[in-house]
Amino acid sequence: MHIALFGAAGILGSRIAEVLTKEQHFVHLQVRDAIKLTVDIAPEYIFEGDGRDAKLVQSALQGCNVVISALGMKDITTKHTNLSDCTRIIVQEMQKLGIKRIIALASYGVLPHPEGGLYLDHDWPTWLENLGEEHERVWKILSSTNLDWTLVCP
């Protein structure tokens, strides 16, 4: 498989990168800071910079047929839309290139609650409010596309 992994130097992204490279998949790794990468990969497969940069995203996606987004929020104590902005650009560039498959990570807050609505709507911890809102934006972006998407929500 030819896989573009966004957030490859993060806590989960680095583990995913290790598995993908060990399994000898063809991978492109997007990172904010390449010095944090934990895998040994040729520099031409490392795409360093902000995930909101459409040119960088398009370069990282070239030649890939699957996208994995292990992007997270650097600071959950403040309201921002960095994660959903990145997701929007990834989706936009995927559609331009005809890439159909994306797997992304989010919190369980965006899962349907048995009593209706989402878990975010039922006793969601206040300290996770910004995280939940941002993950809900990601879910809405993905669910509004015709992409084959999976949102992994531990």
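Everything numeric in this text was worked out from a predicted model, so none of it was measured.
- Trp124 contributes a side-chain N or O that, together with a main-chain N or O of Leu128, makes up a donor-acceptor pair within less than 3.5 Å.
- Here the shortest heavy-atom pairing between Ala4 and Cys64 reads N-SG, 3.6 Å.
- Using a 4.5 Å cut-off on side-chain heavy atoms (C-beta onward), Leu5 and Val27 make no contact.
- Across all their heavy atoms, Pro154 and Ala106 have their closest contact at CD-O, 3.3 Å.
- The main-chain N or O of Ser84 is found under 3.5 Å from a side-chain atom of Glu134 such that the two form a donor-acceptor pair.
- At distances below 3.5 Å, not a single donor-acceptor pair connects side-chain atoms of His135 with backbone N or O atoms of Tyr108.
- From Ser69, atom OG reaches atom CD of Gln30 across 8.5 Å, with rounding to the nearest 0.5 Å.
- Between Phe47 and His28, the ring planes are tilted. Angles from 30° to 60° get that label.
- Between Lys79 and Glu129, at least one side-chain N (NZ, or NE/NH1/NH2) sits under 4.0 Å from a carboxylate O, which counts as a salt bridge.
- Taken to the nearest 0.5 Å, the CD atom of Gln58 stands 10.5 Å off from the CG atom of Asp53.
- Within 6.0 Å of the CD atom in Glu44, the count of heavy atoms belonging to other residues, nucleotides or ligands exceeds 12.
- Using a distance-only test at 3.5 Å, with no hydrogens or angles considered, a donor-acceptor pair links the side chain of His113 to the main chain of Glu115.
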Next on the checklist: Using side chain to side chain donor-acceptor pair (under 3.5 Å), reason through Arg137 and Thr87 one step at a time and then give a plain yes or no.
Outcome noted: CA-CA 9 Å; Arg137 284 188 283 274; Thr87 302; over 6 Å; no
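- Between the CG atom of Leu20 and the NE2 atom of His25 there is a distance of 6.0 Å, given to the nearest 0.5 Å.
- Counting only heavy atoms from C-beta outward, the side chains of Val57 and Phe6 approach each other to under 4.5 Å.
- Side-chain atoms of Thr38 and Glu18 include a donor-acceptor pair closer than 3.5 Å.
- Here the CG-CG distance, from Asn65 to Leu97, works out to 12.0 Å after rounding to the nearest 0.5 Å.
- Minimum heavy-atom separation, Val31 to Ala8: CG1-CB, 3.8 Å.
- Around the CG atom of Asp123, the shell of radius 6.0 Å holds no more than 12 heavy atoms that belong to other residues, nucleotides or ligands.
- Minimum heavy-atom separation, Leu142 to Thr145: O-OG1, 2.8 Å.
- Counting heavy atoms from C-beta outward, Met94 and Ile102 have side chains that approach closer than 4.5 Å.
- Within the 4.5 Å cutoff, side-chain heavy atoms of Leu151 are placed close to those of Trp149.
- Looking at heavy atoms from C-beta onward, Val91 lies out of side-chain contact with Arg88 at the 4.5 angstrom threshold.
- A distance of 9.0 Å separates CG of Leu111 from CG of Leu120, quoted to the nearest 0.5 Å.
- Residues His2 and Val66 have side chains not in contact (no heavy-atom distance under 4.5 Å, counting atoms from C-beta outward).
- Residue Tyr45 qualifies as open at atom OH: its count of foreign heavy atoms under 6.0 Å is 12 or below.
- Note that CG of Leu105 and OG1 of Thr150 are 11.0 Å apart. Values are rounded to the nearest 0.5 Å.
- Within the 4.5 Å cutoff, side-chain heavy atoms of Leu131 are placed close to those of Ser107.
- Annotation: side chain of Asp50 is not in contact with side chain of Leu56 (no heavy-atom distance under 4.5 Å).
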Next on the checklist: Test side chain to side chain donor-acceptor pair (under 3.5 Å) on Arg52 and Asn82; report intermediate values, then the result.
Outcome noted: CA-CA 8 Å; Arg52 294 170 292 180; Asn82 296 348; 2.9 Å; yes
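- Counting all heavy atoms, side chain and backbone alike, Ile99 lies closest to Leu147 at O-CD2, 3.4 Å.
- Shown here for Ile16 and Ala70, the closest heavy-atom pair between the two residues is CD1-CB, 4.1 Å.
- Ion pairing between a basic and an acidic side chain is recognised when a charged N comes within 4.0 Å of a carboxylate O; Asp148 and Lys100 show no such pairing.
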